[in-house]
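Since the structure comes first, as structure tokens, the remarks are kept for the end.
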Amino acid sequence: MIRLYNTKTRSKVDFESLTRGKVGMYVCGPTVYNYIHIGNARTFMSFDIVRRYLLWRGFDVTFVQNVTDVDDKIINKANEEGRSASEVAAEYTEAFIADMRAAGVMDPDIRPKATEEIPEMIELIEELIESGHAYAVEGDVYFNVRSYAAYGELSGRNVDEMESGHRELRADGAGLEDRKHDPLDFAVWKAAKPGEPSWASPWGEGRPGWHIECSAMSRKYLGLPFDIHGGGADLVFPHHENERAQSEAACGCTFANYWMHGGMLQVNSEKMSKSLGNFKLLRDVLETVDADTLRFLMLQTHYRSPLDFSDERLAEAGAALGRIRNAVKNLDWLVENAADAPSPLDLRALMERTREAKMAFILAMDDDFNTCKALGAVFDFIAEVNAQTAGKTISLSDVPPVRDARELIVGLMGVFGIEVATAGDADTAGADYPAEVVALAADIAGFDGSDAALAVGALLDARADARASKDWARADAVRDGLGALGFVIEDTPQGARVAFEG
Ligand code: AMP
Ligand code: ZN
């Protein structure tokens, strides 16, 4: 049974989907006026993992994510750059999609754009007006907060103690407070200002408020109620509180059964944000590291906790991921070099541990998607497999269970969208060798290339030559040099190979 933390009840609860075997998920998408930063990416990656895990557990998931392509920020950017808002939005929508793909995030099943769903929003606003939950004032339409009794429940706020969280300026700059019936009320439709994108409506030319978008699109594509609504924790109030109020007021039913919110990515304990200027663009980070390393870093922190981003943590993530890749490479080597000889392994223990490791992974992920614990299960398993197989040549009869162990590691990391299997020459290729091996090989073996795997091959060859000519000092220099970088040389009947010590 999957359990997840529901923001609405502030507790971990059993997850029961509305339709057996199916899950409907809506995750608020970006406002497209700039490239996304790795804080935004964290939230999208977290929900990508939730989605992938649900798929792996056998659910048929429908994942909807909108694109907010009409907004003040887009209009401001367009004005600054002297081009149209739709041009700005189109450019950054495309960039967003490319960035998400580069980060290994699956495309949503449905990606509606706000500007293409205006009739649905107008329809919803009309329903709200008819049922007394909204009112029009000179081209604007406001939601009547006090008409919806559960307002504040999602974010844990008391309406009577709430200061106006919705101070907004009208398009023409005049204060809104005098037109709203209550300072808490918020705009669902805004009268047009000259030069801004606008659409015809029963209240005149105008554009939708941000919150109404998600209410209209989620009900159109998922129907109400749906299972999971997600976003970053900064969206709980006012965005999600308002989405919920509008949706539930209009339909008289539950909007979303489970509300999931991701913690903020921060730098020096401060939220990463465009306005603070402390952001790193996702595309810039992916210039320096591969997407798997960034995904791995994200997985090392539970999705609800704050995540402190630093280059050191990114390097550590790369090293840890390298250990998993090396473990897989070791297992590949064992399989490829299996001998027609008695088994040196405790097969029963290995098979038992393979089964247990999978269970431990599932239990961790079932417990509110505890990715760090799930990674711990993978590392524990690797340590045990290494302990069992170190320095051994397996027998042909060991191949199936050793292959199962390898497949489990590859498969579990695959649930996270991370590729850990590497193809190629099993004694050197594919492993994540640190760049230092190139200098070491240049020093000891006269290697003049730049490929780390080839450098390791040159070192092994130099060692073999040195041993053949009884140049023990040179042979030891290779061993010690690799040892200092965390690698051991294993001599096997098939020749020497390099393994990671961890
Ligand atoms: P926005 O384009 O600002 O609406 O943000 C898109 C998504 O990124 C929302 O789900 C936000 O909650 C999320 N987000 C923004 N900043 C951060 C951050 N520093 N860490 C994690 N998520 C963030
Ligand atoms: Zn939304």
Side-chain angles (χ1 to χ4, degrees), residues 7 25-50 63-74 76-77 88-89 92-93 95-97 99-100 103 105 108 111-114 117 121 124 154-155 186 188 208-222 226 228-247 255-256 259-282 285 294 297-298 301-310:
T7 307
M25 264 180 99
Y26 185 94
V27 175
C28 300
T31 303
V32 282
Y33 71 102
N34 206 336
Y35 298 120
I36 61 161
H37 58 65
I38 51 173
N40 307 128
R42 181 193 186 195
T43 292
F44 300 137
M45 284 175 162
S46 294
F47 286 101
D48 182 54
I49 297 298
V50 169
F63 190 99
V64 181
Q65 180 168 63
N66 67 303
V67 170
T68 299
D69 60 350
V70 53
D71 180 89
D72 287 337
K73 296 184 203 117
I74 300 172
N76 292 342
K77 175 109 176 180
V88 169
Y92 291 108
T93 300
F96 169 65
I97 293 172
D99 285 354
M100 286 287 91
V105 173
R111 191 184 332 254
K113 291 180 182 157
E117 308 284 340
M121 296 177 208
L124 179 55
L154 180 66
S155 56
F186 57 88
V188 291
W210 172 33
H211 320 301
I212 201 76
E213 266 185 44
C214 292
S215 290
M217 296 190 241
S218 54
R219 91 165 173 178
K220 175 173 171 187
Y221 292 105
L222 293 171
F226 59 90
I228 300 176
H229 194 314
D234 57 341
L235 297 190
V236 178
F237 188 86
H239 184 53
H240 287 167
E241 192 73 70
N242 291 356
E243 270 188 39
R244 177 173 184 242
Q246 296 162 157
S247 298
F255 178 38
W259 288 85
M260 293 180 67
H261 290 98
M264 293 294 105
L265 183 141
Q266 21 184 67
V267 183
N268 300 326
S269 305
E270 221 176 15
K271 177 188 168 188
M272 177 171 285
S273 73
K274 284 168 193 159
S275 52
L276 285 174
N278 61 349
F279 61 90
K280 276 185 194 253
L281 297 181
L282 173 61
V285 172
L294 184 62
L297 168 87
M298 302 289 185
T301 303
H302 187 263
Y303 77 91
R304 279 192 290 120
S305 304
L307 186 160
D308 254 303
F309 180 86
S310 67

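Atoms within each ligand, like the ligands themselves, are counted from 1 in listed order.
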Just jot down the ligand 1 atoms closer than 4.0 angstrom to any heavy atom of [X], in number order.
X: G263; result: 21 (C)
X: P30; result: 2 (O)
X: K271; result: 16 (N), 19 (N)

Any non-hydrogen side-chain atom of [X] less than 4.5 Å from a side-chain atom of [Y]?
X: M100; Y: D48; answer: no
X: L297; Y: F309; answer: yes
X: I38; Y: L265; answer: yes
X: D99; Y: L281; answer: no
X: E117; Y: E213; answer: no
X: M25; Y: V50; answer: yes

Taking N or O atoms only and a 3.5 Å limit, does [X] qualify as a polar contact for ligand 1?
X: W210; answer: no
X: K274; answer: no
X: T43; answer: yes
X: C28; answer: no
X: G231; answer: no

Closest approach of any protein heavy atom to [atom], naming residue and atom:
atom: atom 15 (C) of ligand 1; answer: N40 ND2, 3.2 Å
atom: atom 10 (O) of ligand 1; answer: G232 N, 3.2 Å
atom: atom 9 (C) of ligand 1; answer: L235 CD1, 3.8 Å
atom: atom 20 (N) of ligand 1; answer: L265 N, 2.8 Å
atom: atom 7 (C) of ligand 1; answer: F44 CZ, 3.7 Å
atom: atom 19 (N) of ligand 1; answer: M272 O, 2.8 Å
atom: atom 11 (C) of ligand 1; answer: D234 OD1, 3.4 Å
atom: atom 21 (C) of ligand 1; answer: G39 O, 2.9 Å

Next item on the list: For the residue pair Y35 and Y92, categorise the inter-ring angle as parallel (less than 30°), tilted (30 to 60°) or perpendicular (more than 60°).
Entry: perpendicular

Checklist line | Parallel, tilted or perpendicular: rings of F96 and F44 (30°, 60°) | finding: perpendicular

Item checked: Check: D308 side chain, S269 main-chain N or O, donor-acceptor pair, under 3.5 Å -> yes

Item checked: D71 side chain to K73 backbone, donor-acceptor under 3.5 Å -> yes

Any N, O or S atom of [X] closer than 2.8 Å to the Zn ion (ligand 2):
X: C28; result: yes
X: E213; result: no
X: C214; result: yes

Next item on the list: Answer yes or no: are there more than 12 heavy-atom neighbours, outside K113 itself, under 6.0 Å from its atom NZ?
Entry: no

Notebook entry, point to check: What atom name does the N, O or S atom of E243 nearest to the Zn ion (ligand 2) carry?
Noted result: OE2

Margin query: What is the name of the N/O/S atom of H239 that is nearest to the Zn ion (ligand 2)?
Written below: NE2

Checklist line | F226/F255 aromatic ring centres below 6.0 Å | finding: yes

Check: So among H240, H239, R244, which one has a side-chain hydrogen bond (donor to acceptor under 3.5 Å, both in side chains) with H211?
Finding: H239

Next item on the list: Have a look at ligand 1 and work out which part of Q266, if any, has a heavy atom under 4.0 Å from it: side chain, backbone, both or neither.
Entry: neither

